[in-house]
Amino acid sequence: MTLSVDLLATIALELQNSLSQHDRFQRLVNSLRQLLRCDASALLRYEASHFHPLATSGLASDVAGRRFKLADHPRLEAIARAGDVVRFPADSELPDPFDCLIPHHDKLKVHACIGLPLFAQHELIGALTFDDLVPGKFDGFSDEELRLISALASAALSNALLLSRLERQSLTLPENARQAASPVTSEMIGRSAAMQQLKKEIAIVAGSGLNVLITGETGVGKELVAQGIHRLSPQANKALVYLNCAALPENVAESELFGHVKGAFTGAIHHRVGKFEMADNGTLFLDEIGELSLSLQAKLLRVLQYGDLQRVGDDSSRRVNVRVLAATNRCLKQAVEQGGFRADLFHRLSVFPMHVPPLRQRVDDIVLLAGFFIEQARVRLGIKQLALNADAIAKLEGYSWPGNIRELEHTLYRAAVMVRAAYPQSALFITPSFINLPEEPPGPPQASAPRDAGHEELQGDLQAATRGFQRRVISATLAAHQGNWSASARTLGLDTANLHRLAKRLGLK
């Protein structure tokens with residue numbers, strides 16, 4: 001069996017077209033999977049001792065959100081260290097990271113596996129993996145043919161990374177900020193249109209030095225946005241200091257912000273440096289800024305306007321140069337109108353306002369986030385393999401997530417603990433019965449089903465009943481809006497594109 005030169009040439013040409021990076025990579029892995037006639041293929045990017053999936057074919061959808069740490073995956077570590085084609089024997093004792101992650105073959109282990117490390121100027125930038133359930137599947141392909149594939153993928157990935165670096169340079173960021181690797185623990189997971197727009201705004205404002213007001217519901221990841229802005233900013237090599245304003249009693253909040261001198265009040269037995277001085281020449285992140293008292297707001301405004309602060313009990317002033325990123329889950333405009341927040345401070349903070357969308361408006365990202373958290377839970381709990389089945393994913397995507405990403409994370413960790421206790425085996429699958437979610441609040445009146453329509457929901461399992469209820473709610477809402485999908489999406493609190501996708505999954509389109 002030999003590789004088709006014509007097909008390789010076609011793949012090379014396709015990589016040069018005007019598709020987005022993700023679509024280009026997806027086409028690459030799809031074509032290579034077809035070329036090698038294997039069950040699964042994956043393109044991975046290497047960063048900070050982790051492999052990040054860029055595109056997969058034939059693997060479970062949540063794999064795209066997983067982050068594979070080399071220390072936890074010896075087979076991937078072997079690929080990273082090899083420097084050439086790696087062929088794993090069918091009886092290899094090294095666990096395969098994609099075992100049980102090939103749909104419709106959940107109980108079968110990968111038997112044939114090839115890894116191709118990808119390099120740019122002798123530096124590891126990624127890897128290609130090919131997997132099949134049939135031993136000896138790749139015996140007909142020579143190492144020379146596989147190296148040709150590796151060279152093709154290396155060039156495509158290298159070009160993409162180069163373009164990414166050039167885009168960052170265009171933001172006039174300092175060299176240390178451009179080269180700083182994103183820690184996996186603070187990575188913003190998501191490919192939805194809403195997340196792409198948010199990431200674009202972060203890249204735009206990061207190098208500006210402007211104060212930023214980050215708004216959004218509890219649990220959407222406002223702190224991750226602040227970390228992303230700081231990481232790409234000219235202050236990236238300086239401190240990012242965090243302060244939760246909601247956790248501060250009024251009598252200690254001023255000391256936390258500005259510091260105090262010895263003897264300033266009972267218990268002040270030594271000088272204390274405040275958060276503003278800690279963040280001098282760096283970034284201060286004020287979480288829950290809306291909870292500060294009006295008196296502290298006035299003092300905060302002075303520091304933002306003039307850069308001068310006074311420690312509690314000190315007559316002298318100190319100069320600081322601090323960029324402030326503030327976050328709140330409150331509507332500060334409404335608080336200003338009601339007199340609970342200073343208008344001048346609001347305008348000083350919100351030079352560049354950013355809104356983090358709730359998870360229910362990012363349905364496409366749920367499976368990626370689930371994969372990310374499932375991999376973390378697998379490692380933390382010492383489970384050999386942990387996966388979600390299709391019904392579990394459908395249940396996650398059908399829930400509104402009032403607690404947003406934080407609620408999703410806790411739900412999946414709880415499910416992982418429960419499934420491990422119920423089935424203490426090496427490979428475990430999370431099914432809908434292990435995903436414990438609170439009952440959804442009733443929908444809007446115009447979307448309600450007839451009173452007697454609910455009886456059929458009680459005849460099947462919970463997942464089927466949930467899908468049936470969703471179908472009726474969406475159908476009733478569409479009918480109430482004369483088939484207008486945009487108006488129906490607003491009524492249901494969904495993005496229009498997400499409503500279309502949900503309707504398609506439910507068989508309404």
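- Glu407 and Tyr399 share a side-chain donor-acceptor pair at under 3.5 Å.
- By the neighbour-count criterion of 12 heavy atoms within 6.0 Å, atom NZ of Lys199 is densely surrounded, having more than that number from other residues, nucleotides or ligands.
- Side-chain contact between Met195 and Asp365 is present, with heavy atoms from C-beta onward closer than 4.5 Å.
- A salt bridge is defined here as a Lys NZ or Arg NE, NH1 or NH2 lying under 4.0 Å from an Asp or Glu carboxylate O, and Arg66 with Asp62 meets this definition.
- Between Phe346 and Phe341, the two ring planes are perpendicular [angle over 60°; tilted spans 30° to 60°].
- Residues Leu345 and Leu301 approach most closely at CA-CD1, 3.9 Å, considering heavy atoms.
- You'll find the side chain of Val225 stays beyond 4.5 Å of the side chain of Val220, heavy atoms only.
- Among all heavy-atom pairs drawn from Arg471 and Leu506, the shortest one is CD-O, 3.1 Å.
- Side chains of Arg67 and His50: no donor on one and acceptor on the other come within 3.5 Å.
- In this structure the side chain of Gln376 reaches within 4.5 angstrom of the side chain of Phe373, judged on heavy atoms.
- Rounding to the nearest 0.5 Å places CG of Leu240 at 8.5 Å from CG of Leu284.
- With respect to Thr283, the side chain to side chain donor-acceptor pair (under 3.5 Å) criterion is satisfied by exactly one of Lys238, His230, Arg231: His230.
- Here the closest heavy-atom approach between residue Cys245 and residue Leu286 is recorded as SG-CB, 4.1 Å.
- Lys275 places no side-chain N or O within 3.5 Å of a backbone atom of Leu257 that could act as its donor or acceptor partner.
- With contacts defined as side-chain heavy-atom distances shorter than 4.5 Å, the pair Pro53/Leu43 does not qualify.
- In this structure, Gln385 and Leu428 have side chains that are not in contact, with every pair of non-hydrogen atoms separated by 4.5 Å or more.
- The distance from atom NE2 of His500 to atom CG of Leu508, rounded to the nearest 0.5 Å, is 12.0 Å.
- Nearest heavy atom pair, residue Val419 against residue Phe429, reads CG2-O, 3.4 Å.
- Phe98 has its ring centre less than 6.0 Å from the ring centre of Phe68.
- At a cut-off of 3.5 Å, with distance as the only test, no side-chain donor of Glu217 or Asn329 sits close to an acceptor on the other residue.
- Leu408 contributes atom CG, which lies 4.5 Å from atom CG of Leu412 (distance to the nearest 0.5 angstrom).
- Using a 4.5 Å heavy-atom cutoff, the side chains of Glu47 and Ile125 are not in contact.
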| request: Let me see the working for Asp308 and Arg318 under side chain to side chain contact (heavy atoms under 4.5 Å, CB included), right down to the final yes or no. | output: CA-CA 6 Å; Asp308 293 335; Arg318 301 169 187 268; over 6 Å; no
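- The side-chain heavy atoms of Leu349 and Val212, taken from C-beta on, include no pair separated by under 4.5 Å.
- Atoms CE and CG, on Met418 and Asn436 in that order, are 6.5 Å from each other to the nearest 0.5 Å.
- Ala64 and Leu368 make their closest contact through CB-CD2, 3.3 Å (heavy atoms, listed as atom of the first residue, atom of the second, distance).
- Side-chain atoms of Ser350 never come within 3.5 Å of backbone atoms of Phe352 as a donor-acceptor pair (strictly under, hydrogens ignored).
- Atom-to-atom distance recorded for Gln470:CD and Leu502:CG is 5.5 Å, nearest 0.5 angstrom.
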| task | Tell me, with the steps shown, if Leu359 and Leu369 meet side chain to side chain contact (heavy atoms under 4.5 Å, CB included). | result | CA-CA 10 Å; Leu359 190 54; Leu369 288 161; 3.7 Å; yes
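- Enclosure of atom CZ in Arg414 by more than 12 non-hydrogen atoms of other residues, nucleotides or ligands within 6.0 angstrom is indicated.
- Of the possible donor and acceptor atoms, none in the side chain of Asp280 sits under 3.5 Å from a partner among the backbone N and O of Val320.
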| field | Glu223 and Tyr242: CA distance, side-chain angles, deciding distance, side chain to side chain contact (heavy atoms under 4.5 Å, CB included) verdict | value | CA-CA 9 Å; Glu223 186 176 351; Tyr242 172 84; 4.0 Å; yes
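- Interatomic distance, Ile202 CD1 to Ile214 CD1, rounded to the nearest 0.5 Å: 7.5 Å.
- Looking only at distances, no side-chain donor or acceptor of Asp287 sits under 3.5 Å from a matching main-chain atom of Leu243.
- Contact detail for Gly190 and Gln196: the closest heavy-atom pair is O-NE2, 3.5 Å.
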| field | side chain to side chain donor-acceptor pair (under 3.5 Å) assessment of His73 paired with Glu375 | value | CA-CA 11 Å; His73 294 280; Glu375 176 64 16; 2.7 Å; yes
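- We find that Glu409 and Arg406 are not joined by a salt bridge, their nearest charged nitrogen and carboxylate oxygen being 4.0 Å or further apart.
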| request: List the steps, then state whether side chain to side chain contact (heavy atoms under 4.5 Å, CB included) holds for Gln361 with Trp401. | output: CA-CA 10 Å; Gln361 294 178 7; Trp401 298 108; over 6 Å; no
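- Counting only distance, with no hydrogens or angles, the side chain of Arg319 and the backbone of Tyr306 share a donor-acceptor pair below 3.5 Å.
- A donor-acceptor contact closer than 3.5 angstrom is absent between the side chains of Thr431 and Asn389.
- Arg378 contributes no side-chain N or O that, together with a main-chain N or O of Leu386, makes up a donor-acceptor pair within less than 3.5 Å.
- The main-chain N or O of Leu210 is found under 3.5 Å from a side-chain atom of Arg323 such that the two form a donor-acceptor pair.
- The pair Glu288-Lys222 fails the salt-bridge criterion, with no side-chain N (NZ, NE, NH1 or NH2) lying under 4.0 Å from an Asp/Glu carboxylate O.
- Residues Leu499 and Ser488 meet the side-chain proximity criterion, which asks for heavy atoms closer than 4.5 Å.
- In this structure, Gln297 contributes its side chain and Arg342 its backbone to a donor-acceptor pair below 3.5 Å.
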